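This report refers to the structure that appears directly beneath it.
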2 protein chains.
Amino acid sequence: MADDPLSTTFAALADPTRRAILARLAEGAATVKELSEPFAMSGPAVSKHLRVLERAGLITRGRDAQWRPCTLDATPLREVTEWADGFRRFWDDSHRRLDAYLERMKEQEDDH
Amino acid sequence: MADDPLSTTFAALADPTRRAILARLAEGAATVKELSEPFAMSGPAVSKHLRVLERAGLITRGRDAQWRPCTLDATPLREVTEWADGFRRFWDDSHRRLDAYLERMKEQEDDH
DNA sequence: CAGTTAGATAACCGAGTGGTTAGGTACCCA
DNA sequence: TGGGTACCTAACCACTCGGTTATCTAACTG
């Protein structure tokens, strides 16, 4: 996998378990144990997923006695939407109409 | 890699070469050769990237004599932004203010 | 202290990735 | 018909990924 920030973020999101973890964290911080509950997989597996999310900057991990509470950090998701927004005109009808309008304007300019 | 649609899309986007290909296709259809130009890699490597993009539904490939023109299909990107929008309140200040407002309303309700 | 709980690390495995080179297919053109 | 161009497939390589079990550390609790 490439190691530029956007690629790291996309790669981290390319797994339903990790997206479910983020969805859970959207409701508030949680311990590793709590995050593991919904999944039929071992602790170390969840640990690995969390490390991927941490490296992508999507979560931060604190410390409270023997617990390591995870909290969501959605900043990288903003970059994701900003990137995808560059393609909005290809699916958004209103943007498509605006594109067509600008195209007509440009053609009028060219007529001069 | 998981094979659900969203994971497939995210995985396809987790590579700068593939994102550059999509950016190029945003300016119009292109042949495999044209898409290869900017990259210092062999033809088969580009072919593989295109196959990943095709499996993710991000491009479609036509046929014109010995050329296989690629065109962009951004529909999966809409799903991406829709998913990320579920987290918008964690980075968007205006949404954060709305959240706080709703929270205060809820507290007032609880006082009754 | 011993025992339990939360969690990380290490070593391993099968499958997939991203690249290569070599060779094959399909089409156009002289 | 023969040659060049566009593209794909096959086989291979080093590496990563997502999972496992076994083992370790760190902290609380009796």
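Everything numeric in this text was worked out from a predicted model, so none of it was measured.
- The distance from atom CG of B:Asp15 to atom P of D:dC15 is 18 Å, rounded to the nearest whole Å.
- Remark: P of C:dA6 and CG of A:Asp64 are 13 Å apart, rounded to the nearest angstrom.
- In this entry the distance linking CZ of B:Phe10 with P of D:dG18 reads 14 Å, nearest Å.
- In this structure, CE of A:Met41 is placed 13 Å from P of D:dT21, rounded to the nearest angstrom.
- Position along DNA chain D of the nearest nucleotide to B:Gly43 versus A:Ser42 favours B:Gly43 as the more 5'-ward residue.
- B:Asp4 places a side-chain N or O within 3.5 Å of a backbone atom of B:Ser7 that can act as its donor or acceptor partner.
- The aromatic rings of B:Phe10 and A:Phe10 are tilted relative to each other, their planes meeting at an angle between 30° and 60°.
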Give every pair of a protein N or O atom and an N or O atom of nucleotides 5-7 of chain D that lie under 3.5 Å apart, one pair per line with the distance.
from  : atom 1 : to      : atom 2 : distance (Å)
D:dA6 : OP2    : B:Lys33 : NZ     : 3.3
D:dA6 : O3'    : B:Gln66 : O      : 3.3
D:dC7 : OP1    : B:Val32 : N      : 3.3
D:dC7 : OP1    : B:Arg68 : N      : 3.3
D:dC7 : OP2    : B:Lys33 : N      : 2.7

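- Using a 4.0 Å cut-off between charged side-chain N and carboxylate O, B:Lys48 and B:Asp15 make no salt bridge.
- Going from atom CG of A:Leu50 over to atom C1' of C:dT9 covers 14 Å, rounded to whole Å.
- At its two ends the helix from C:dC1-D:dG30 to C:dA30-D:dT1 runs along axes set 10° apart, each axis drawn from five pairs and the angle rounded to 10°.
- Checking side-chain atoms of A:Arg18 against main-chain N and O of A:Ala11 turns up a donor-acceptor pair under 3.5 Å.
- Within a 6.0 Å radius of CZ in A:Arg61, more than 12 heavy atoms belonging to other residues, nucleotides or ligands are found.
- Put simply, B:His49 has a side-chain N or O that comes within less than 4.0 Å of OP1 or OP2 on C:dG19.
- At a threshold of 4.0 angstrom between heavy atoms, the contacts of B:Ala45 include nucleobase atoms, whether or not backbone atoms are also involved.
- The interatomic distance linking A:Leu53 (CG) with C:dA8 (C1') rounds to 16 Å, in whole Å.
- Spacing between atom CD of B:Glu54 and atom C1' of D:dT9 amounts to 15 Å, rounded to whole angstrom units.
- Residue-environment remark: CG (B:Asp3) stays at or below the threshold of 12 foreign heavy atoms within 6.0 Å.
- Each of B:Val80, B:Leu13, B:Thr81 was evaluated against A:Trp83; a single residue qualifies, B:Leu13, per the side chain to side chain contact (heavy atoms under 4.5 Å, CB included) test.
- Close to C:dA26, at under 4.0 Å from its OP1 or OP2, lies no side-chain N or O of B:Arg63.
- With rounding to the nearest 0.5 angstrom, the CZ atom of A:Phe90 is 10.5 Å from the OG1 atom of B:Thr71.
- Comparing B:Pro44 and A:Arg55 by the nucleotide of DNA chain D whose heavy atom lies nearest to each, the residue mapping closer to the 5' end is B:Pro44.
- Separating the CG atom in A:Leu50 from the CD1 atom in A:Ile21 is a distance of 5.0 Å, to the nearest 0.5 Å.
- Rounded to an integer number of Å, the gap from B:Arg51 CZ to D:dT9 C1' is 9 Å.
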